[in-house]
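The structure appears below as structure tokens.
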Amino acid sequence: MSETTKNMTANQPEQRELRYEPQRIEEKWHARWEADSTLYAAEPHDSKRKKYYVLEMLPYPSGALHMGHVRNYAIGDALARFMWMNGCNVLHPMGWDAFGLPAENAAIKNNVPPRQWTLSNVAHMRAQMKRLGFAYDWSREVTTCLPDYYKWNQWFFLKLYEKGLAYRKKSKVNWCPECATVLANEQVVDGCCWRHEETQVEQRELEQWFLRTTNYSEELLAGLDKLEGWPEKVRTMQRNWIGRSEGASVDFKIDGPIGGAGGKITVFTTRIDTIFGATSIQLAPEHPVVAGLIGNDPHLHSKVEDLVREQARAREAGDVGAIEKHGVFTGRYAINPFNQEKIPVWVANYILMDYGTGAIMSVPAHDERDYEFAEKYGLEIRIVILPRRIGGPLAHGQPESPVLPYTEKESLLINSGEFSELSNQEAIEKMTAFAEKNGFGKRTVTYRLKDWGISRQRYWGTPIPMLYCEKCGVVAVPEKDLPVLLPDNVDITLQGGSPLGRIPEFVNATCPRCGGSARRETDTMDTFVDSAWYFYRYTNAQLADRPLDTATVSYWFPIDQYIGGVEHAILHLIYSRFWTKFMRDLGLVRNDEPALRLFTQGMVIKDGAKMSKSKGNVVSPDDMVAQFGADSTRMYSLFATSPDRELDWQEAGVEGVHRFLGRAYRFVMRNAGAVHGSQGRDGARSAELSPKCRQIERKLHQTIKRVTKDFQGRWHFNTSVAAIMEFVNELYGAEDEISFGRFPQELLADVQRRLVLLLAPFAPYLAAELWEVLGATGSLLRHPWPAFDPALAEEDQITYAVQINGKLRSHVVLPAESPEDLVRERVLADEKVRAAIDGKQVAKVIVVPGKLVNVVVR
RNA sequence: GCCGGGAUGGCGGAACUGGCAGACGCAGCGGACUUAAAAUCCGCAGGGCUUAAAAGGCCCGUGGGGGUUCGAGUCCCCCUCUCGGCACCA
């Protein structure tokens, strides 16, 4: 037992002093930071510091923070603090995604106005964040439900409208009965609402406002290749969502007259090389040409209607792929322009109106779906493609048939007129050119991405700034009349369409063009509009006459590091990329992409399941802070696993981190005196140190090296924290050395200062407290990150692991600089090694410098 | 069906370009301190066999099976389970 321990336990008051009490420390600093407005402020144009913009996705103010938030912000805050300490001018803001349906639900349930409910949640959650000690620049706070923010949503909408990028159309839309509103395609998950996972989405026909995201399809796709700092997973998800498909559209003339216009059916195909194998045309049930084709036949009419209904039902069930394929023959024929062949025209339930042209050429031999359909109805299956290995030159008579359907592209054409014997690639080229030259087809690129429907039949959102005048039609609200204020005192129910429509003072307006009476648009915008550009507003949150200042934005953008959940991979992260491109085209910003690097942290789970109220496994951050303190709560969320992985919350683990912080605290409290006696000289001369002290010094430099590398590279903060723990353990091992005065004061002072600096990004409260204990002044955020000396981090002795035939048999300790020959000699001289190779022949000795020796014997 | 993660002690997880598997933490066990407890401090600890016991020694061990290599948790091939995402996209 050490002297210090003896003294400590004998002396009661001192013991109390050495107790780590996070509540006392954290409340003290919490109060100081609240008053210290300069502490976190980022100066916009500090030429001496390099800018760094670190951003966490802004939360919805649902009422209280959950552990997922804490984890997300703990990662961002550690990085922000690290970047400050590395000399950067850091922008680290926070805000509130404050519009949305839960506020309306709360209004109905508790009879509280949405504004009040939302703003009180904001106040509570802001207080929680401050208590957790996140270093946000609160002077830039953005709350999207306030007019000084949503005014600019309306302003952007007018710009989009001006440029033809916002338009109104009647269309089939996804309707969530629970939300009583329309949802965008991105917000439908497995046929259900993204908010109500149990509620099936219905299809309704409504007049809606759309934004032309598809104008940027190609750029949104191409840009992904350059986003190397984004997770491959997210890039893949976006690529699939955009769904670019290269092919050709080909016109098939309809044989004989049809009712109305047309006379042809245009199909889209990616496999024009198989067109000689087309044995029917398949139309989507809602294809406009169908009505003309089937004429007045009541039987066919009802059949087609059945197909329409079936598709709608399947879409609502979210299981479009699972329904059994079937269809109906229209009795009509179309002509294949390549061989003038007459083929039957069918209507089928597996053809979607909203993809491609809503019509396909059916090639049963070379498409799985067409094959299934043709088998069922006995349609002709004609092979026009052979695998290359079977194919070859066709000189040796008829080759064997491939297994059908044969869909591979490594192939060769047969039975295709002048195109026979071409490779699949050549055929696609030549046949497309042939179609273009003869005017019945062209190269076509199709995307799965649709325009973004933003109308919502809800109250708590940004009013769409449009008017409907009896004389002038659709009229935009003039810019000078913005914002169109969202009225208070609205009776909210989930029935009867937009709540705003029931407020005459809101609805009735004057047409700005003719002065006559007009009706206001009563739908509000999708809340994803709010989050599509909020991070630009942070750069100048109070700007009154413009949404943003281009010069300021150009300084800060693109965001250096964006951090959030992967669940936004295709919603928010596509919308905000679209918005950035639109803003760039307006000349407002100069960057093409909002964020250079994206990090998606893993979920927080407990007992193997996602934390949720229904499962009763929710852990409240407030409880954790009350029990163990903010530092322990935050640090545990970084220590439990690496940030990209799922985190299994274990309360005992938080306690463990709390114990560790207590150890660090007590060490500094006991030894801070050394700092005051050392005259502030950093470091001691290594050569004069005792082995134990040299070991501490070495460990110090190794620890700084490891933590620094983790920040710069993989972000495995769990190993950073483990390294700091190891270091503190090492310090405890030297307590006798210290208490007997064998530990140089300079080194002891240096060790403590650097330990506190290492803790600063992870446990900011404790770091601030100990920094003060050590007699230092000024914010840790402005203090340089500790450097390490690679030479001092080097080991001077190395324990070589010795293997015989790959099995560990011994250890040999040698000086670090030992040449290979010496290592070999000493290893072979080792007693255990000699015993193990006794009587056998040494075939080979492999020396891995600094690590291991493997002796191969026979 | 397609794409992408993951599987390591009782638990969370380490092991960076192939080189001592299990760092660090939790739970556990033992000890010190205490009238006692808490707190704290120190130590032990993958499984098995050998041994009176300990030291020591040996064998097995990173989801399963094969392979490459002096050497594989790590690389290659096949398979199982699991978690995400997409899915009649022509």
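Lettering follows sequence order; numbering is per chain, from 1.
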Item to complete: Please work out if A:Asn729 contacts a base, only the sugar-phosphate, or nothing of the nucleic acid, heavy-atom cut-off 4.0 Å.
Response: sugar-phosphate

Fill in: Contacting residues from residues 798-807 of chain A, given that a heavy atom lies under 4.0 angstrom of RNA chain B
A:Thr799, A:Ala801, A:Gln803, A:Lys807

Response to the item:
Looking only at B:C86, B:U40, B:A90, the nucleotide nearest the A:Phe268 side chain is B:A90

Worksheet item: Nearest-Å distance, OH (A:Tyr665) to P (B:U40)?
Response: 14 Å

Practice prompt. Have a look at B:G9 and give me syn or anti from its glycosidic angle (syn if within 90° of zero).
Written response: syn

Worksheet item: Nearest of B:C16, B:C24, B:G19 to any side-chain atom of A:Arg714?
Response: B:C16

Worksheet item: Does A:His701 reach the main-chain N or O of A:Pro790 with its side chain, forming a donor-acceptor pair under 3.5 Å?
Response: no

Worksheet, complete the sentence: Residues passing the ring-ring contact (aromatic ring centres under 6.0 Å, His included) test with A:Tyr800, sequence neighbours excluded, are none

Worksheet item: Contact class for A:Leu647 (heavy atom, under 4.0 Å): base, sugar-phosphate, or nothing?
Response: nothing

Worksheet entry | Inter-nucleotide P distance (B:A45, B:C33), Å rounded | 23 Å

Worksheet item: So, are A:Glu218 and A:Arg244 salt-bridged, with charged N and O less than 4.0 Å apart?
Response: yes

Discussion item. Mind checking if A:Glu646 touches a base, just sugar-phosphate, or nothing, with heavy atoms under 4.0 Å?
Written reply: sugar-phosphate

Fill in: Sugar-phosphate, base or nothing in reach of A:Val848, heavy atoms under 4.0 Å
base

Worksheet entry | Heavy-atom closest contact (A:Ser637 atom, A:Val70 atom, distance) | OG-O, 4.4 Å

Discussion item. What residues from residues 270-283 of chain A pass a heavy-atom cutoff of under 4.0 Å to RNA chain B?
Written reply: A:Thr270

Item to complete: Tell me what A:Arg809 touches on the nucleic acid: a base, only sugar-phosphate, or nothing, going by heavy atoms under 4.0 Å.
Response: sugar-phosphate

Item to complete: Would you state whether a donor and an acceptor, one from the side chain of A:His811 and one from the base of B:C20, lie under 3.5 Å apart?
Response: yes

Worksheet item: B:C42, B:C20, B:G85: which one has an atom nearest the side-chain heavy atoms of A:Tyr732?
Response: B:C42

Worksheet item: Tell me: CZ of A:Arg448 to P of B:C86, nearest whole Å?
Response: 8 Å

Practice prompt. Would you mind classifying the nucleic acid contact of A:Asn854 as base, sugar-phosphate or nothing, using non-hydrogen atoms under 4.0 angstrom?
Written response: base

